[in-house]
Amino acid sequence: MVQDLDMMKKVYSNFKSNVDSARKLLGRPMTYTEKILYSHLKPANGGQGTELKNFGRGKDYVDFFPDRVAMQDATAQMALLQFMSAGIPKVAVPSTVHCDHLIQAEVNAATDLATANRDNAEVYEFLANVSRKYGIGFWKPGAGIIHQVVLENYAFPGGMMIGTDSHTPNAGGLGMVAIGVGGADAVDVMAGIPWELKFPKLIGVKLTGSLKGWASAKDIILKLAGILTVKGGTGAIVEYFGSGTASLSCTGKGTICNMGAEIGATTSLFPYDSRMADYLKKTDRAEIAKLADEVADYLKADVDVEKNPEKFYDQVVTIDLDTLEPHINGPFTPDLATPISEFAKAVKQNGWPEKLSAALIGSCTNSSYEDIDRVTTVAKQALSQGAKAKCEFLITPGSEQVRATIERDGQLGVLSQMGANVMANACGPCIGQWKRHGALEKNSIITSFNRNFTARNDGNPKTHAFVASPETVIGFALTGDLTVDFTKEPITNDKGEKIMLQPPKGLDLPDKGFVKDEHGYVEPEKDGSKVSVSINPQSDRLQALNPFTAPNVNSDFSGLRLLIKAKGKCTTDHISMAGSWLKFRGHLDNISNNLLIGAINSFNGEANKVKNQVSGVHGAVPATARDYKAKGIGWIVVGEENYGEGSSREHAALEPRHLGGKAIIVKSFARIHETNLKKQGMLPLTFATPADYDKIREDDTFALNPKDLAPGKQLTLTVKHADGKTEDIMLNHTFNEQQIGWFKAGSALNLIAASSKK
């Protein structure tokens, strides 16, 4: 049965008229992105929405009505705790919870899943009961990774969704505008109120030709990350167009959109085509393909846009698929892109460990049937010529549907013969849920994941993690050596003989169809009013939320101290680590003990060691914050460029708010994190002159003037140095009137809760 078919029918029934009205207003051809955005200014079931007008890209804040919400278990805990506190009886749009983040990879799929069900029983029961009560679909542990499950069951061309995970854009592979957000944003949509977004700029990526040899869809986004960098897509949606798009499978398109998060893009998407229709039919959604076919001309950019893209996109990038070669990105950042023909040289020049300690295939980015089938063709070649993996080799299927299908079709058996250990259908090592044994020394791993920040995968800052396609990962697994270009050079088999690997081939969809997951999904109660949800006050995993207090703008923002001046890259992994800390995602006070413990203090070059300006003692960042809070002292954080890049985790905004923080002042923000801070009542501010970052001293005292907060008006940071001298630093912000209301109320949730009681 197709989930939420009535909702999708309403979207499609109004799509043409909505686009026609917008095109008439704009007086010009429209990009595909614009068609979806302008068609979601009203809720799918009708009613009042945002007034139609020509919105300024990168300027105007717009209220949208997404069609659905998806949440993974780590972020769902806080999102649902917030939703519960808002006093709303049932979600207003189709919503789902997916248990994929809390399963630790250590032994094998069966053992690790059993361990997760035991260790996380309290959290899973909470999520299941909240889902039953409030009308939310629930996917059990082991059912699969949120983004793969969404692609298989919920994504649809022309739709709009938000998800509490930064890789929600994966659904762009099915022509959907799918945006990663914090939990408070999800509460907005589940509560049936408009969701606000600054109308994005548009980056057009023209694809020509078709992939050859070892190149795969993953290499397109790896190359693009090298071109645009980790912040090049900030505030923009990436729209792919051109003849090359039709040559890519639906799941290949999903891979590209998924990793668009690594360039800071709001989301990415592809135009609807026959490959998407094929995928919908194979996943038992032929009805949706039929609906999409009826408006197919509208589910892509207008013809004139493709002919003259420079007129309609803010930036255009062209990638020739005919000449694209495999890329390897990293280490330590996903935008350091190196083509395989130059990789061996880069490894040697930079002194990166040449010997490979582990190769990992899977994650939400690359765990589709096509990925596994193409990898299996390489494995079959190797086995027939006496070669097996020369390092630890892990496979993580994207969903139970994929896992069961590749077991039936034999791919799992082949990969196991080659030395692969098949892990649970979950995020696992991609998000730090890898209980790795040994490998504490400097070492190299290669993955088909999306991120490779320092210590992200295994907790070891000495691990050099490289990101590549599944095909490239297995190639290197067979060499065990990052200086061997297996696409052109022979590799050595287990007998010491030289053999050549041929480029992979494979099916993007199974001939026999997918094996359905009959047990992973739980429908919510039609009437959840009698379902009880309880939280043990003694629990160290779950904690009921208390509303943040509204600020006193006259007294709360003077005498502030510096908690930390972060140096260099400061991602959400630095601000609120994942890994072992995931177990506290439903307990705000406990998880706040990881606040900024990964950030590097610019004054001593160390992590988690800052000077308490009251006691004069150096200590952990969270302990220092707690001491300031106990003494009634507010504090600020100072940082550099693209602060908060990476995951959508709103804990990175909740924790500083909980521990008494007042403002985060940086050179620039990543989009999701800036919004999350605003939602929780924090002040995300940027230096009007970035070089003023250098003026901040460890022992300064600060004052802000938030009573003057107004759209487009700068704030003044008054800095008093220890020598008695003072200076004013001008700060910018992006608050609009509605967001200023969040700040004055103490949080956006406070406003929702107040309105629900009226």
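For clarity, every value in this text was computed on a predicted model and none was experimentally measured.
- Atoms OG and CD1, on S95 and I162 in that order, are 8.5 Å from each other to the nearest 0.5 Å.
- The side-chain heavy atoms of L677 and E674, taken from C-beta on, include no pair separated by under 4.5 Å.
- The environment of E727 atom CD is dense: over 12 non-hydrogen atoms of other residues, nucleotides or ligands sit within 6.0 angstrom.
- Residues A468 and I328 approach most closely at CB-CG1, 4.3 Å, considering heavy atoms.
- For the residue pair T624 and R561, no side-chain donor N or O sits within less than 3.5 Å of a side-chain acceptor on the partner.
- No donor-acceptor pair closer than 3.5 Å links the side chain of T701 to the backbone N or O of G559.
- Counting only N and O atoms by type, the side chains of H437 and E106 include a donor and acceptor under 3.5 Å apart.
- We find that D728 and K695 are not joined by a salt bridge, their nearest charged nitrogen and carboxylate oxygen being 4.0 Å or further apart.
- Between E645 and the choices K569, R671, K231, the salt bridge (charged side-chain N to carboxylate O under 4.0 Å, His left out) rule is met once, by K569.
- Judged purely by distance below 3.5 Å, without hydrogens or angles, the side chains of Q104 and D119 never pair a donor atom with an acceptor atom.
- Minimum heavy-atom separation, A225 to D335: O-CB, 3.4 Å.
- Counting only distance, with no hydrogens or angles, the side chain of N554 and the backbone of N552 share no donor-acceptor pair below 3.5 Å.
- Looking at M71 and M190, their side chains come closer than 4.5 Å, going by heavy atoms from C-beta outward.
- In this structure, the side chains of K609 and N601 stay at 4.5 Å or more apart for every pair of heavy atoms.
- Formation of a donor-acceptor pair under 3.5 Å by the E650 side chain with backbone atoms of A653 is not found in this model.
- Here I535 contributes atom CD1 and F126 contributes atom CZ; the two are 4.5 Å apart, rounded to the nearest 0.5 Å.
- At distances below 3.5 Å, at least one donor-acceptor pair connects side-chain atoms of S592 with backbone N or O atoms of L588.
- H101 has its side chain within reach of D165: a pair of non-hydrogen atoms, C-beta onward, lies under 4.5 Å apart.
- Between K565 and D700, none of the side-chain N atoms (NZ, or NE/NH1/NH2) sits under 4.0 Å from a carboxylate O, so this pair counts as no salt bridge.
- With rounding to the nearest 0.5 angstrom, the SG atom of C427 is 9.0 Å from the CG atom of L102.
- The closest side-chain donor-acceptor pair between R541 and N536, if any, does not fall under 3.5 angstrom.
- Residues D540 and H587 have side chains that never bring a donor and an acceptor to within less than 3.5 angstrom of each other.
- Between K744 and V553, every side-chain heavy-atom pair lies at or beyond the 4.5 Å cut-off.
- Put simply, the side chain of Q82 never gets that close to the backbone of V187: no donor and acceptor are under 3.5 Å apart.
- Of all heavy-atom pairs between T333 and N452, the closest is C-OD1, 2.9 Å.
- How far CG of L683 is from CG of L709: 6.5 Å, rounded to the nearest 0.5 Å.
- Residues W434 and A358 approach most closely at CH2-CB, 4.0 Å, considering heavy atoms.
- In this structure, CG in N612 is found 4.5 Å from CG in D627, a value given to the nearest 0.5 Å.
- Counting heavy atoms of neighbouring residues, nucleotides and ligands inside a 6.0 Å radius, atom NZ of K567 does not exceed 12 of them.
- S363 is linked by a side chain to side chain contact (heavy atoms under 4.5 Å, CB included) to T365, C430, F449, counting only residues two or more places apart in sequence or in another chain.
- Note: E640 CD to Y693 OH = 4.0 Å, rounded to the nearest 0.5 Å.
- With a 6.0 Å cutoff to the six-membered ring centre and a 45° limit on the axis angle, K667 does not count as a cation-pi contact of Y643.
- Contact between D100 and A426 at its shortest, heavy atoms only, is O-CB, 3.3 Å.
- Remark: F702 engages no residue in a ring pair (Phe, Tyr, Trp, His ring centres under 6.0 Å) (not counting sequence neighbours).
- Remark: the backbone N or O of T164 is paired with a side-chain donor or acceptor of T75 at under 3.5 angstrom.
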Run the numbers on K198 and T266 for side chain to side chain donor-acceptor pair (under 3.5 Å), then give the verdict. CA-CA 10 Å; K198 183 179 285 188; T266 301; over 6 Å; no
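- At a threshold of 4.5 Å between non-hydrogen side-chain atoms, the residues L582 and I431 count as touching.
- No donor-acceptor contact under 3.5 angstrom links the side chains of S668 and N642, judged on distance only.
- Under the 3.5 Å distance criterion, the side-chain polar atoms of H651 are matched with a main-chain donor or acceptor of R585.
- Looking only at distances, no side-chain donor or acceptor of K679 sits under 3.5 Å from a matching main-chain atom of W742.
- Electrostatic pairing of R451 and E262 counts as a salt bridge here, judged by a charged N lying under 4.0 Å from a carboxylate O.
- Remark: of the listed residues K435, Q433, R436, R436 is the sole one forming a side chain to side chain contact (heavy atoms under 4.5 Å, CB included) with D458.
- Annotation: side chain of K662 is not in contact with side chain of L704 (no heavy-atom distance under 4.5 Å).
- H147 and N258 share no donor-acceptor pair across their side chains, judged by distance under 3.5 Å alone.
- Judged as a side chain to side chain contact (heavy atoms under 4.5 Å, CB included), and not counting sequence neighbours, the contacts of D573 are F453, R456, T571, R649.
- Judged purely by atom type and a 3.5 angstrom limit, N460 has no side-chain atom pairing as donor or acceptor with the backbone of A455.
- Here the closest heavy-atom approach between residue A86 and residue I752 is recorded as CB-CG2, 4.0 Å.
- In this structure, the side chain of N750 engages the main chain of F548 through a donor-acceptor pair within 3.5 Å.
- Side chains of T338 and F466 form no contact here, defined as non-hydrogen atoms less than 4.5 Å apart.
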